[in-house]
Amino acid sequence: MALWSLTDKTILIVDDFAEMRSLMRSMVAAFGARHIEVAANGEDAVAALESRRFDIILCDYNLGDGKDGQQVLEEAHHRNLLPCSTTFVLVTAESTSQMVMGALEHQPDGYIAKPVTKTVLQVRLKKLLAKKDSLGDINKALDLRQFDRVIELCDRQLKNQCKYRSELLRIKSDVLIKTGAYDQAGALCEAILAERELPWAMFDVGRIHFHRQQYRDAADIFSRVIERSDAFVCAYDWLARAQELTGDPALAQKTLMDAIAKSSKSLLRLRALANVADRNEDLEVTEQARRKAIRVGKTSVLREPGDYTGLAKTLIRKDSAKEAMKVIESVKYAFRDDPSAELEAAAVGSQVYSALGNDKASEATLETAIDLASKYPELVSAAAGMDLVQACLNHGRKAEANEYVRNVVMNNHDNADVLENITRMYGEIGELQEINELIGNTQAEIVRINNEGVDLLKGGKIAQSIELFSKAAKGMPRNPIINLNAAQSLITMMKESHPTKSALEQTLSYIRAAGSNEAHKERQTRLLAACRELSVCL
């Protein structure tokens, strides 16, 4: 029997202390490793992941200034820099529950506490690599997003009753949910739960209810998951979303605060708390969450200028306009050479100047925002558009405000939160009837365009359907229904003729432009699966 070794493995060691890098290097070298790279900080680690694939990554949690190990893992997942075949191990001297929870949320393959001994490292790596080896073909299929192949391979291994049965079932359930096969996923999870009440299987049942927009049932399931395993922190996030969608934002806020008490470094969770607290008019919690999101986000790939502008708007409402102006100034420094950040900062900066009573500066800053919106229309998100609307209304420029409203509605005509914010803003100035008419007319226009394109597609006039939806998508670059129908038209055309690389790339760009709205997730998944099938014919 061959001795266990790391001879054929490529390894990345990440630690801010040279002595620890040297020690870890000598340990893996003692097991035969020859292809070893090191990184002294999070930024260098990400750069290494950009340049090549590693079999093993041993990453310290604390990496001095800049990204920590959790954020390296977060960015690697977010940017698809970490193949499923790679073994990522977090190494740390810290053992606080918040740190452990936060680290484990990003799903490293393993976790080793310092001081690390040669024996502990060998035992842990041996176990992790054996699992990776057993699931090797499945991991390759996952990386290639060959989901039918993943399910086939999982079923094949499950017949052999292998030692990784629970992991195989979890992978299969997750893939079925991702591909919108909710009936199959539900049946699988119920069968698992009949044998043993595994938290992940119960959690997946909750996800299925959520994707089917059965939010009350989903909330009940997520609550049960938390009762049985409160370390399942992501269940809190899903529960909060379900609670908001069932009309209980106060309970959603409490749920998120409970989650943050367990794991406080999730930028997305802090942002969600700030947003729901803002809707609940709880300005103290909103401010605290925004400030922490800014601190956590400084070294995160997920940071956004909206965290800063959101804080500035909260400070305006708290009569702290001078402090809000400092926040707006910091956006320009934090997001240099970013036109979208410049646009958001100008739109909110105009509101800050208005709060300070400096109408001249407010007007000038609004002009800057309008110029940027005209120059980069694709950067006018719903949030930026709403800020432009508010700034225009502050100066009595209702015609321009209405035009931005129309733009926002055209791209978000089925987004209840956005439409509610618009009506609230106009209700405050006594223009509720007028804005409802504008929203209604804009929605009717979108429905007309959409129905016309669908009728063309159903009638076999595919080229005309593509032309109509492509033109509509240029005017509504963020509208999910228009973008998905544009993608559907192209897919239909490629199925009837032959796929081309350019047509597939355009189709994928439409699918991405549809965003991540849960209401469209199942359809996006089906369209992506169709693209993968067509890509085989290239």
Side-chain angles (χ1 to χ4, degrees), residues 70 73-74 77-78 84 97-98 100-111 131 135 138 142 147 150-151 154 158 164-246 248 251-252 254-266 268-269 272-273 276 516-519 521-522 525:
Q70 178 178 326
L73 181 55
E74 174 186 70
H77 282 312
H78 181 72
C84 294
S97 61
Q98 277 212 354
V100 173
M101 289 281 193
L104 295 182
E105 268 197 272
H106 289 85
Q107 299 180 332
D109 295 288
Y111 173 89
K131 182 177 178 181
L135 304 178
I138 293 172
L142 282 169
F147 294 134
V150 171
I151 292 171
C154 284
L158 284 165
Y164 302 114
R165 182 172 182 272
S166 180
E167 179 67 7
L168 289 164
L169 290 169
R170 187 195 64 77
I171 291 171
K172 181 178 178 179
S173 175
D174 186 55
V175 167
L176 287 170
I177 292 172
K178 281 180 179 175
T179 55
Y182 300 139
D183 288 342
Q184 290 174 263
L188 176 64
C189 289
E190 293 298 345
I192 294 166
L193 292 169
E195 293 180 16
R196 183 181 172 193
E197 207 166 70
L198 294 173
W200 69 258
M202 193 182 298
F203 176 71
D204 277 3
V205 172
R207 289 168 63 198
I208 293 165
H209 283 304
F210 190 95
H211 290 315
R212 284 176 163 162
Q213 300 180 47
Q214 300 164 339
Y215 300 123
R216 293 192 186 281
D217 291 335
D220 289 342
I221 296 294
F222 294 136
S223 295
R224 285 172 55 196
V225 172
I226 292 167
E227 286 173 9
R228 285 159 177 73
S229 178
D230 66 352
F232 214 111
V233 184
C234 61
Y236 286 86
D237 301 321
W238 286 76
L239 174 59
R241 291 161 70 194
Q243 288 166 336
E244 267 212 275
L245 290 164
T246 53
D248 200 340
L251 191 55
K254 181 184 180 302
T255 298
L256 287 168
M257 291 175 75
D258 289 344
I260 286 169
K262 293 184 173 296
S263 177
S264 63
K265 286 191 65 177
S266 167
L268 296 180
R269 183 173 300 127
L273 174 60
V276 72
S516 56
N517 191 313
E518 291 294 340
K521 185 180 178 68
E522 186 176 352
T525 302

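The residues of the chain are indexed from 1 along the displayed sequence.
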A.B. asks: Can you tell me how far the CD1 atom of Ile221 sits from the CZ atom of Arg207, to the nearest 0.5 Å?
C.D. replies: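 It is 13.5 Å, given to the nearest 0.5 Å.
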A.B. asks: Set out, in order, the CA-CA distance, both residues' side-chain angles and the distance that settles salt bridge (charged side-chain N to carboxylate O under 4.0 Å, His left out) for Asp258 and Lys254, then state yes or no.
C.D. replies: CA-CA 6 Å; Asp258 289 344; Lys254 181 184 180 302; 3.0 Å; yes
A.B. asks: Can you check whether Leu245 reaches Phe210 side chain to side chain, under 4.5 Å on heavy atoms?
C.D. replies: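 Yes - at least one pair of side-chain heavy atoms lies under 4.5 Å apart.
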A.B. asks: Side chains of Glu74 and Lys265, heavy atoms from C-beta outward: is any pair under 4.5 Å?
C.D. replies: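 No, their side chains stay 4.5 Å or more apart.
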A.B. asks: State, with a plain yes or no, whether a side-chain heavy atom of Ile138 is found less than 4.5 Å away from one of Leu168.
C.D. replies: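 Ile138 reaches Leu168 side chain to side chain.
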A.B. asks: Any chance CZ of Arg228 has more than 12 other-residue heavy atoms, nucleotides or ligands included, within less than 6.0 Å?
C.D. replies: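 More than 12 within 6.0 Å, yes.
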A.B. asks: Output the distance between atom OG (Ser266) and atom CG (Leu273), rounded to the nearest 0.5 Å.
C.D. replies: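 With rounding to 0.5 Å, OG (Ser266) is 11.0 Å from CG (Leu273).
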A.B. asks: Ignoring hydrogens, what is the shortest heavy-atom contact between Ile177 and His211? Give both atom names and the distance.
C.D. replies: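 Shortest heavy-atom separation between Ile177 and His211 comes out as CG2-CD2, 3.7 Å.
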A.B. asks: Quick check for you: to the nearest 0.5 Å, what is the distance between Ile208 atom CD1 and Gln184 atom CD?
C.D. replies: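 Here the interatomic distance stands at 10.5 Å.
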A.B. asks: Rounded to the nearest 0.5 Å, what separation is found between the CG atom of Leu256 and the CZ atom of Arg241?
C.D. replies: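 With rounding to 0.5 Å, CG (Leu256) is 10.5 Å from CZ (Arg241).
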A.B. asks: So which atom in Met202 and which in Leu193 form the shortest heavy-atom distance, rounded to 0.1 Å?
C.D. replies: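 Nearest heavy atoms, Met202 then Leu193: N-CD2, 3.8 Å.
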A.B. asks: Whether the side chain of Ser229 engages the backbone of Val225 through a donor-acceptor N/O pair (distance < 3.5 Å, no angle test) should be reported.
C.D. replies: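 It does not hold such a pair.
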A.B. asks: Going by the angle between their ring planes, with limits at 30° and 60°, are Phe222 and Phe203 parallel, tilted or perpendicular?
C.D. replies: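 Taking Phe203 first and then Phe222, their aromatic rings sit tilted (interplane angle of 30° to 60°).
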A.B. asks: Considering non-hydrogen atoms only, spot the tightest contact between Tyr182 and Arg212 and give its length.
C.D. replies: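 Nearest pair, atom of Tyr182 first, then Arg212: CB-NH2, 3.4 Å.
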A.B. asks: Using modelled atom types and a 3.5 Å cut-off, is there a donor and acceptor pairing between side-chain atoms of Thr179 and backbone atoms of Leu176?
C.D. replies: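 Confirmed, Thr179 side chain pairs with Leu176 backbone.
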A.B. asks: Hey, could you give me the CG/NE2 distance between Asp220 and His209, rounded to the nearest 0.5 Å?
C.D. replies: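 Reported value, rounded in 0.5 Å steps: 8.5 Å.
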A.B. asks: Report yes or no: does Thr246 contribute a side-chain atom to a donor-acceptor pair with the main-chain N or O of Gln243 at less than 3.5 Å?
C.D. replies: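 Side chain of Thr246 to backbone of Gln243, a donor-acceptor pair under 3.5 Å: yes, one is there.
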A.B. asks: At their closest point, which heavy atom of Glu244 faces which heavy atom of Ala252, and how far apart are they?
C.D. replies: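 Heavy-atom minimum between the residues: CG-CB, 3.6 Å.
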A.B. asks: Check whether any side-chain N or O of Ser173 sits under 3.5 Å from a backbone N or O of Leu169 as a donor-acceptor pair, and report yes or no.
C.D. replies: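 Absent.
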A.B. asks: How about Arg269 and Tyr236: do any of their side-chain heavy atoms sit closer than 4.5 Å?
C.D. replies: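 Sidechains of Tyr236 and Arg269: no contact.
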A.B. asks: Would you name the heavy atoms of His77 and Gln107 that are closest together and state the gap between them?
C.D. replies: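 Closest heavy-atom pair between His77 and Gln107: NE2-O, 4.1 Å.
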A.B. asks: In this structure, which one of Asp174, Leu135, Val150 forms a side-chain contact (heavy atoms from CB on, under 4.5 Å) with Leu142?
C.D. replies: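 Going through Asp174, Leu135, Val150 one by one, the side-chain contact (heavy atoms from CB on, under 4.5 Å) with Leu142 is satisfied by Val150 alone.
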A.B. asks: How far does CD1 of Ile171 sit from CD1 of Ile151, to the nearest 0.5 angstrom?
C.D. replies: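 Between Ile171 CD1 and Ile151 CD1, I get 11.5 Å after rounding to 0.5 Å.
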A.B. asks: Do the non-hydrogen side-chain atoms of Leu158 and Arg165 ever get within less than 4.5 Å of each other?
C.D. replies: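 Of all side-chain heavy-atom pairs linking Arg165 with Leu158, at least one is under 4.5 Å.
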